[in-house]
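Some notes on the structure that comes next.
What you see below is based on every heavy atom in this structure, not just the backbone, and it leaves out hydrogens, waters and symmetry mates. For ligands, and for the atoms within them, numbers begin at 1 and follow the listed sequence.
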Amino acid sequence: MTRAKTAQIILVGGGRMGSAFARSLEDSRVPFELVRARDPSWTIGARRRRARLLLLTVTDSAIASTAERVASEALVARGDSVVHCAGMRGPAELVAASSVGAWVGAMHPLVAVASAERPPSLRGLSASFEGDRGAFDSVCAMGARLGLSVFWLEGVDRPRYHAAAALCATGGVALAQAAAVLFRAAASSSTTTEDSSSRFASSLLASVAHNVGAVGAADALASPLLRGDTQAVSRHLEAMALHPPAAALYRAALAQVIASLDERGGVDSAVLARARALLDG
Ligand SMILES: NC(=O)c1ccc[n+]([C@@H]2O[C@H](COP(=O)([O-])OP(=O)(O)OC[C@H]3O[C@@H](n4cnc5c(N)ncnc54)[C@H](OP(=O)(O)O)[C@@H]3O)[C@@H](O)[C@H]2O)c1
């Protein structure tokens with residue numbers, strides 16, 4: 001008689017987010033099984049295993065139907081957890097799994113995964129969670145092994161929450177794209193390449209990510225404004241006259257940090273007034 005293999009964690013869906021979890025689980029030597037969600041026979045293999053945590057890393061529109069399949073084919077039992085990773089959807093997507101006694105939740109990694117072939121490590125990063133306590137305990141146990149911090153949330157306004165996530169993820173890339181154009185235009189074409197200008201932007205964003213995590217977003221600013229140097233800001237705006245998308249991003253960023261500095265104090269109000277005048281000009 002062949003003994004059924006056991007897997008504590010089953011990932012359903014081998015796209016970008018599934019690959020990020022697979023990479024981190026492998027790096028941390030946590031046993032898991034990755035099944036391809038569009039393989040019609042995946043549940044046959046999964047039925048031979050016991051998943052204490054079934055992580056649905058499928059496309060948003062397939063979450064509810066995958067949960068229905070999990071429930072109808074009895075892939076989880078009472079006390080197991082079924083969790084999806086969509087920021088725009090709550091735990092109610094998994095009603096089919098909770099109706100058979102599983103704990104459910106929405107665990108949204110605050111992580112951008114652009115490539116399934118080169119996903120980022122989840123170590124040192126964060127995820128939010130909304131759902132049942134039992135499922136939270138389950139994802140926290142996995143997170144502790146991966147170095148992924150999981151934060152409990154309740155009553156999440158999904159569009160607003162996801163707008164914040166998209167602002168960081170899309171905004172960060174938009175800033176990198178615009179900065180890369182400026183870096184390339186700023187020095188001789190024989191000395192700047194697409195690779196070096198992308199690395200310059202990546203280097204700055206990595207240090208900003210460190211600062212935001214280390215001291216908090218409100219104190220993470222490193223800007224000429226803190227030295228009262230509005231002339232530098234004026235020269236930046238002049239230099240970007242030929243780069244309207246970069247100038248628009250710069251102005252939007254400046255408006256946000258002026259508002260934050262105004263609220264927190266510590267910068268001469270005359271400096272902020274000069275910076276506002278530059279924005280208006
Ligand atoms: N990528 C990110 O930056 C990011 C960030 C935070 C949260 N998320 C969330 O993570 C989840 C997965 O997103 P992703 O970026 O990994 O998407 P993705 O790269 O498009 O992969 C999604 C996977 O879903 C499965 N799938 C696609 N169509 C399906 C269908 N009709 N029925 C069943 N399964 C189907 C496929 O798995 P197989 O290849 O195994 O068949 C596919 O690889 C989503 O809920 C997303 O909102 C993503």
**OP:** Would you mind checking if Asp137 and Arg133 are paired as a salt bridge, meaning a charged N to carboxylate O distance below 4.0 Å?
**Re:** no

Subject >> Arg38 N/O under 3.5 Å from ligand 1 N/O >> reply: yes

Original post:
Using the ring of each side chain (for Trp, its six-membered ring), is Tyr161 parallel, tilted or perpendicular to His108, with breaks at 30° and 60°?
Top reply: perpendicular

Original post:
When you look for heavy atoms under 4.0 Å from ligand 1, do you find them on the side chain of His108, its backbone, both, or neither?
Top reply: side chain

Original post:
Going hydrophobic residue to hydrophobic residue with side-chain gaps under 4.5 angstrom, can you get from Val181 over to Val173?
Top reply: no

Original post:
If you measure every N/O of Gly14 against every N/O of ligand 1, is any gap under 3.5 Å?
Top reply: yes

Subject >> Heavy-atom closest pair, residues Val104 and Ser98 >> reply: CG1-N, 3.8 Å

Original post:
Which atoms of ligand 1 are found less than 4.0 Å from any heavy atom of Ala86?
Top reply: 45 (O), 47 (O)

Original post:
Looking at ligand 1, does any of its N/O atoms fall within less than 3.5 Å of an N/O of Thr66?
Top reply: no

Subject >> Pro109 N/O under 3.5 Å from ligand 1 N/O >> reply: no

**OP:** Do me a favour and list the nearest non-hydrogen protein atom to atom 2 (C) of ligand 1 with residue, atom name and distance?
**Re:** Val113 N, 3.6 Å

Original post:
For Ser28 and Arg123, does a side-chain donor sit closer than 3.5 Å to a side-chain acceptor?
Top reply: yes

Original post:
For atom 47 (O) of ligand 1, which candidate among Asp60, Leu110, Val12 holds the nearest heavy atom?
Top reply: Asp60

**OP:** Determine, for Asp27 against Arg23, whether the closest basic-nitrogen to carboxylate-oxygen distance falls under 4.0 angstrom.
**Re:** yes

Subject >> Residue Ala112 vicinity, atoms of ligand 1 by number, heavy atom under 4.0 Å >> reply: 3 (O)

Subject >> Heavy-atom nearest neighbour in the protein, as seen from atom 11 (C) of ligand 1, with distance rounded to 0.1 Å >> reply: Val58 O, 3.4 Å

**OP:** Report, in ascending order of atom number, the atoms of ligand 1 lying under 4.0 Å from any heavy atom of Ala62.
**Re:** 30 (C), 32 (N), 33 (C), 34 (N)

**OP:** Show which atoms of ligand 1 fall inside a sub-4.0 Å distance from at least one heavy-atom site of Val111.
**Re:** 3 (O), 5 (C), 6 (C)

**OP:** Under 4.0 Å from a heavy atom of Gly13: give me the atoms of ligand 1 that qualify, with their elements.
**Re:** 37 (O), 40 (O)

Subject >> For atom 21 (O) of ligand 1, closest protein heavy-atom neighbour >> reply: Gly15 CA, 3.4 Å

Subject >> ILVMFWY cluster, Leu225 and Leu278 together (side-chain gap under 4.5 Å) >> reply: yes

Original post:
Mind checking whether Val267 and Leu279 sit in one hydrophobic cluster, side chains of I, L, V, M, F, W, Y counted as touching below 4.5 Å?
Top reply: yes

Original post:
Do Leu146 and Trp152 belong to the same hydrophobic cluster, where Ile, Leu, Val, Met, Phe, Trp and Tyr are linked whenever their side-chain heavy atoms lie under 4.5 Å apart, directly or via other members?
Top reply: yes

Original post:
Got the closest protein heavy atom to atom 20 (O) of ligand 1, with its distance?
Top reply: Arg16 NH2, 3.6 Å

Subject >> Residues Arg160 and Asp157 bridged, charged N to O under 4.0 Å >> reply: yes

**OP:** Verify the cluster assignment for Met107 and Trp103: are they in a single hydrophobic cluster under the rule of side-chain heavy atoms below 4.5 Å apart?
**Re:** no

Original post:
N/O to N/O below 3.5 Å, does that happen between Met17 and ligand 1?
Top reply: yes

Subject >> Identity and distance of the protein heavy atom lying nearest atom 34 (N) of ligand 1 >> reply: Ala37 CB, 3.4 Å

**OP:** Could you tell me whether Asp39 and ligand 1 have an N or O pair separated by under 3.5 Å?
**Re:** no

**OP:** Would you indicate whether the side-chain heavy atoms of Leu226 and Leu261 approach each other to under 4.5 Å?
**Re:** yes

Original post:
So is there a nitrogen or oxygen of Ile63 less than 3.5 Å from a nitrogen or oxygen in ligand 1?
Top reply: no

**OP:** Considering only non-hydrogen protein atoms, determine which one is nearest to atom 9 (C) of ligand 1 and report residue, atom name and distance to 0.1 Å.
**Re:** Cys85 O, 3.3 Å

**OP:** Could you go through the side chain to side chain contact (heavy atoms under 4.5 Å, CB included) check for Val150 and Phe129 one step at a time?
**Re:** CA-CA 7 Å; Val150 188; Phe129 178 90; 3.7 Å; yes

Subject >> Residue, atom name and distance, where the atom is the protein heavy atom closest to atom 27 (C) of ligand 1 >> reply: Thr59 CG2, 3.7 Å

